Colleague: 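Starting off with a structure, shown below.
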Amino acid sequence: MLEIKFVRQNLPAVQKALAARGAVVDIETFKNADARRREVLLEIEELRHRRNVVSDRIAEMKKAGENAQKLVEEMREVSGKVKMLDRTLAENEDIINNIILEIPNLPHASVPGGRDETDNPVLKQEGSLPQFDFDPLPHWTLGKNLGILDFERAAKIAGARFPLYFGAGARLERALINFMLEVHTGGHGYTEVLPPFAVNRQSMTNTGQLPKFEEDLFKLEGWEYFLIPTAEVPVTNIHQDEILDENQLPIYYTACTPCFRSEAGSYGKDTRGLIRQHQFNKVELVKFVLPESSYAELESLLSNAENILKRLQLPYQVVTLCTGDLGFSAAKTYDIEVWMPAQGVYREISSCSNFEGFQARRANIRFRRKGKKGTELVHTLNGSGLAVGRTVAAILENCQQSDGSVRLPEALRPYMGNMERIEP
RNA sequence: GGAGAGGUGGCCGAGCGGCUGAAGGCCCUGCUCUCGAAAAGCAGUAUCCUGUCAAAAACGGGAUCGUGGGUUCGAAUCCCACCCUCUCCGCCA
């Protein structure tokens, strides 16, 4: 959410920035409702002031034993008027709120212009692509051959786009989770968190999933709860409505949670394998930082996520999302894309974003500077460190051998009981 | 599911129709004292909206005692609904 005052004072700039994203906002309605709101507010405050003054007078008169009936009647009228105006005020505030909640964040000045993902510039490429003297198999075939992935049975249990792992596959997923969490809580300095996997409407609104993207979420029938699409939601909301001390910042959290996504609108896309599932595990990194350091924190967040791929020796590239591909709440985002040899493409495995004050304003997360009056919004950031299912897919494809086995990255072996390879 | 208790500022906690944006304490900040620190003393210390203003500061106004309604000239205080927390009983992992 942008600040109302800011939108009011910078309408042209806001419109221009939103056009770069391809977002359309009803600025006219906003302007009218905003003007009307302030007009009504002024009137209400004047009436209330009068009522406050006269009410005190009535109290005095009553104490002195005087008759205040005339004033009482007059104030009865004033109160009725206030009540009516209150309704008008609320109506206009609703209009403003509905619009402002649907305005995406403004892209940071360093974000490259562009229309969609094809315009995302590659920032760097790391690791060397594996060379095969055979045709590398897609991970779903490898998984089936190895007896560790079973999408047919998963479909029986739940439906399409649900995972079912067996044996070394299930263990690989668990090993990756432990490996990632150990790396982040160790050298990277994150505190591990295990949050709720369902959240309320307010939390979803705070991080920006609602009100615009409700169709992407799983909602529990008969409950005002949503399954989380990412740990970003519960973890960012840990500090909602809090005023933090400057010296508490920065705060780093990491959490592994299942993520649930309806994937509405992606029918027919990535229908095979672990790439696009209704349920997947993800290790998430979340930061609460001082505004002046948030872009440096974005760089270190990115390198924390990259570190996992480096230690797993998986080749990847980093792209900067262009204005047209930027997510709703983000001011700047880097995507890390891992090499998938069977398809010969890089696939997103992590997304690292700086939201600046956008989520903090919605979630009301502020801090106080030492010796200074007032509060400021913290800046929030998050990134995947990493999506676990896709990491499994990447390991299977990149580390496959001609005999159909998969040679495990060395960093992972301690978490797999020193297993060196997964064999049929 | 049944019975009860409670939600007040950064924290603890008093208040239970007007004199309360809220006693008292703690934390924090500044000053005094001290070579310095501690202790002690003094002072300050909520947030949001809004007006004057180019802006900041300052000053004025309004709102906020879980949330939303209601009663009243006037509500932290009375009424209703909802949310949340805690205790006991039952049930269940």
Side-chain angles (χ1 to χ4, degrees), chain A residues 1-13 30-31 33-97 99-101 194-206 210 220 222-226 234 237-249 251 288 291 357 360-378:
Chain A
M1 180 165 70
L2 304 176
E3 197 180 356
I4 292 182
K5 234 184 288 184
F6 177 84
V7 175
R8 182 187 302 146
Q9 288 166 0
N10 300 280
L11 274 178
F30 171 86
K31 251 161 86 174
D34 183 52
R36 182 87 182 106
R37 181 190 89 97
R38 288 205 289 169
E39 189 181 298
V40 174
L41 187 62
L42 223 61
E43 199 176 338
I44 287 178
E45 290 191 348
E46 208 167 290
L47 288 173
R48 281 212 270 237
H49 174 54
R50 183 135 164 272
R51 188 179 68 188
N52 288 345
V53 170
V54 174
S55 285
D56 283 349
R57 178 82 192 108
I58 292 172
E60 276 167 36
M61 288 173 79
K62 283 209 164 171
K63 210 177 338 178
E66 298 170 39
N67 188 337
Q69 199 48 38
K70 220 182 124 205
L71 288 178
V72 167
E73 270 158 35
E74 202 185 319
M75 286 310 103
R76 205 193 321 261
E77 214 167 293
V78 168
S79 277
K81 215 165 170 184
V82 167
K83 202 167 279 183
M84 268 179 50
L85 289 171
D86 266 336
R87 246 185 293 269
T88 311
L89 183 71
E91 279 163 23
N92 282 285
E93 284 183 340
D94 277 352
I95 293 171
I96 292 167
N97 244 315
I99 290 175
I100 208 123
L101 281 173
L194 184 54
F197 298 162
V199 300
N200 56 32
R201 190 169 282 276
Q202 184 65 55
S203 292
M204 281 293 186
T205 305
N206 289 345
L210 292 179
L220 300 190
W223 296 78
E224 277 303 293
Y225 292 139
F226 298 86
N237 276 290
I238 288 173
H239 294 295
Q240 91 180 73
D241 288 320
E242 290 186 21
I243 300 174
L244 304 165
D245 277 335
E246 179 182 16
N247 57 24
Q248 285 177 267
L249 300 172
I251 296 170
F288 302 82
R361 185 170 295 110
R362 291 173 164 234
N364 199 21
I365 309 172
R366 294 165 296 171
F367 75 99
R368 224 190 294 273
R369 286 193 201 269
K370 217 164 106 181
K372 277 189 92 176
K373 280 187 81 168
T375 60
E376 289 175 57
L377 295 173
V378 304

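What you see is a predicted model; the values in this text were computed from it and never measured. Naming: A, B, ... by sequence-line order, numbering from 1 per chain.
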Colleague: Could you say whether A/Arg366 or A/Lys5 is positioned toward the 5' end of RNA chain B, judged by the nucleotide with the nearest heavy atom to each?
Modeller: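 Closer to the 5' end of RNA chain B: A/Arg366.
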Colleague: Between B/rA56 and B/rG66, how many Å separate the two P atoms, rounded to a whole number?
Modeller: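 So the two P atoms sit 32 Å from each other.
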Colleague: Is the count of non-hydrogen atoms from other residues, nucleotides or ligands lying under 6.0 Å from A/Phe197 atom CZ greater than 12?
Modeller: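 Yes, enclosed.
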Colleague: According to salt bridge (Lys or Arg N to Asp or Glu O under 4.0 Å), does anything in residues 87-97 of chain A pair up with another residue at least two apart or in another chain? List the pairs.
Modeller: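 The answer is A/Arg37-A/Glu93.
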Colleague: Quantified in whole Å, what is the C1' atom distance between nucleotide B/rA14 and nucleotide B/rG21?
Modeller: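 Pairwise C1' distance, B/rA14 against B/rG21, rounds to 15 Å.
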Colleague: Can you tell whether the side chains of A/Glu376 and A/Arg369 come within less than 4.0 Å, N to carboxylate O?
Modeller: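 Salt bridge between A/Glu376 and A/Arg369, a charged N being under 4.0 Å from a carboxylate O: yes.
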Colleague: Remember a base hit wins even if backbone is also touched, and classify A/Arg57 as base, sugar-phosphate or nothing at under 4.0 Å, heavy atoms.
Modeller: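 Nothing, no nucleic acid heavy atom in range.
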Colleague: Taking only residues two or more places apart in sequence or in another chain, which ones pass side-chain hydrogen bond (donor to acceptor under 3.5 Å, both in side chains) with A/Glu39?
Modeller: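 A/Glu39 satisfies side-chain hydrogen bond (donor to acceptor under 3.5 Å, both in side chains) with A/Arg36 once adjacent residues are dropped.
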Colleague: Do A/Ile243 and A/Ile365 make a side-chain contact, defined as non-hydrogen atoms from C-beta onward lying under 4.5 Å apart?
Modeller: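 They are not in contact (no side-chain heavy atoms under 4.5 Å apart), so the answer is no.
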Colleague: In whole Å, what is the span from the CD atom of A/Glu246 to the P atom of B/rG10?
Modeller: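 One finds 18 Å between P of B/rG10 and CD of A/Glu246, rounded.
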Colleague: Under the side-chain hydrogen bond (donor to acceptor under 3.5 Å, both in side chains) rule, collect the residues that match up with A/Arg361, sequence neighbours excluded.
Modeller: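 side-chain hydrogen bond (donor to acceptor under 3.5 Å, both in side chains) list for A/Arg361, sorted by chain: empty.
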Colleague: Dot-bracket, 5' to 3', for RNA chain B please: Watson-Crick or G-U pairs under 3.5 Å, [ ] where pairs cross earlier ones, | where the partner sits on another strand, dots elsewhere.
Modeller: ((((((((.[[[..)..(.....]]].(((((.......))))).(((((((.....))))))).[[[[[..)....]]]]])))))))....
Colleague: With C1' as the reference atom in both, quote the distance from B/rU8 to B/rA76 in angstrom, rounded to an integer.
Modeller: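 Nearest-Å result for B/rU8 against B/rA76 at atom C1': 7 Å.
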Colleague: Give me the distance, rounded to whole Å, that separates B/rA5 from B/rC19 when you measure between the P atoms they each carry.
Modeller: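 Result for the P pair: 29 Å, nearest Å.
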Colleague: Any chance you could list the contact pattern along nucleotides 56-66 of chain B? Use B for base contacts, S for sugar-phosphate-only contacts and - for none, protein heavy atoms under 4.0 Å, 5' to 3'.
Modeller: -----BSS---
Colleague: Specify the residue among A/Arg38 and A/Gln9 whose closest nucleotide of RNA chain B lies further upstream toward the 5′ end.
Modeller: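 It is A/Arg38 whose nearest nucleotide is closer to the 5' end.
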Colleague: Provide, to the nearest angstrom, the distance between the CD atom belonging to A/Glu43 and the C1' atom belonging to B/rG51.
Modeller: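 My rounded result for the distance is 15 Å.
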Colleague: Sequence neighbours left out, what passes salt bridge (Lys or Arg N to Asp or Glu O under 4.0 Å) with A/Glu43? Give chain and number order.
Modeller: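 Counting only residues at least two positions away or on another chain, A/Glu43 forms no salt bridge (Lys or Arg N to Asp or Glu O under 4.0 Å).
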Colleague: Using the C1' atoms only, state how far B/rG61 lies from B/rG69, rounded to an integer number of Å.
Modeller: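 That atom pair is separated by 26 Å.
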Colleague: Expressed as a whole number of Å, how far does the P atom of B/rC11 sit from that of B/rC65?
Modeller: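 Approximately 15 Å lies between the P atom of B/rC11 and that of B/rC65.
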Colleague: For the P atoms, the ones on B/rA81 and on B/rG44, what distance do you get once it is rounded to whole angstrom?
Modeller: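 Approximately 44 Å lies between the P atom of B/rA81 and that of B/rG44.
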Colleague: Checking all strands, does A/Arg87 fall into the base, sugar-phosphate, or nothing category for heavy-atom contacts under 4.0 angstrom?
Modeller: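 A/Arg87: no heavy atom of the nucleic acid under 4.0 Å.
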Colleague: Whole-Å distance between B/rC82 C1' and A/Trp223 CH2?
Modeller: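 Roughly 15 Å, once rounded to whole Å.
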Colleague: With sequence neighbours excluded, tell me which residues meet salt bridge (Lys or Arg N to Asp or Glu O under 4.0 Å) with A/Arg57.
Modeller: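 Per chain and number, A/Arg57 pairs via salt bridge (Lys or Arg N to Asp or Glu O under 4.0 Å) with A/Glu60.
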Colleague: I want to verify a distance call: between B/rC73, B/rC49, B/rU47, whose nearest atom is closest to the A/Thr375 side chain?
Modeller: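 It is B/rU47.
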Colleague: What pairs of nitrogen or oxygen atoms, one from the protein and one from nucleotides 17-21 of chain B, lie under 3.5 Å apart?
Modeller:
unit_1 : atom_1 : unit_2  : atom_2 : d
B/rG18 : N2     : A/Ser55 : O      : 3.0

Colleague: Check whether any side-chain N or O of A/Arg368 sits under 4.0 Å from OP1 or OP2 of B/rC28, and answer yes or no.
Modeller: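 Indeed not, no polar side-chain atom of A/Arg368 lies that close.
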Colleague: Using the test side-chain hydrogen bond (donor to acceptor under 3.5 Å, both in side chains), find all partners of A/Arg48 that sit at least two apart in sequence or belong to another chain.
Modeller: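 Result, side-chain hydrogen bond (donor to acceptor under 3.5 Å, both in side chains) vs A/Arg48: none returned.
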Colleague: For A/Thr205, is there any backbone N or O sitting under 3.5 Å from a side-chain donor or acceptor partner on A/Arg362?
Modeller: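 Answer holds: yes.
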Colleague: Which residues satisfy the side-chain hydrogen bond (donor to acceptor under 3.5 Å, both in side chains) test with A/Arg50, sequence neighbours excluded?
Modeller: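 Scan of A/Arg50 (side-chain hydrogen bond (donor to acceptor under 3.5 Å, both in side chains), adjacent residues dropped) gives A/Glu74.
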Colleague: Rounded to whole Å, how long is the line connecting atom CZ of A/Phe367 with atom C1' of B/rA46?
Modeller: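 Taking CZ of A/Phe367 and C1' of B/rA46, I get 17 Å after rounding.
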Colleague: Check whether any side-chain N or O of A/Arg76 sits under 4.0 Å from OP1 or OP2 of B/rG74, and answer yes or no.
Modeller: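 No, outside the criterion.
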Colleague: Please identify each residue that fulfils ring-ring contact (aromatic ring centres under 6.0 Å, His included) with A/Phe30, with sequence neighbours left out.
Modeller: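 Partners of A/Phe30 by the ring-ring contact (aromatic ring centres under 6.0 Å, His included) criterion come out as none, since no residue qualifies.
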Colleague: Let me check something: any side-chain donor-acceptor pairs from residues 64-71 of chain A under 3.5 Å, sequence neighbours excluded? List them with distances.
Modeller:
unit_1  : atom_1 : unit_2  : atom_2 : d
A/Asn67 : OD1    : A/Gln69 : N      : 2.8
A/Gln69 : NE2    : A/Glu73 : OE2    : 3.2

Colleague: With a 4.0 Å cut-off on heavy atoms, is A/Lys83 in touch with a base, just the backbone sugar-phosphate, or nothing at all?
Modeller: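 Since only primed, P, OP1 and OP2 atoms lie under 4.0 Å of A/Lys83, the category is sugar-phosphate.
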Colleague: A/Ser79 side chain N/O closer than 4.0 Å to the phosphate oxygens (OP1, OP2) of B/rG74?
Modeller: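 Answer yes for this pair, as a side-chain N or O of A/Ser79 is under 4.0 Å from OP1 or OP2.
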Colleague: Between B/rU71 and B/rU52, how far apart are the two P atoms, rounded to whole Å?
Modeller: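 Their P atoms lie roughly 34 Å apart.
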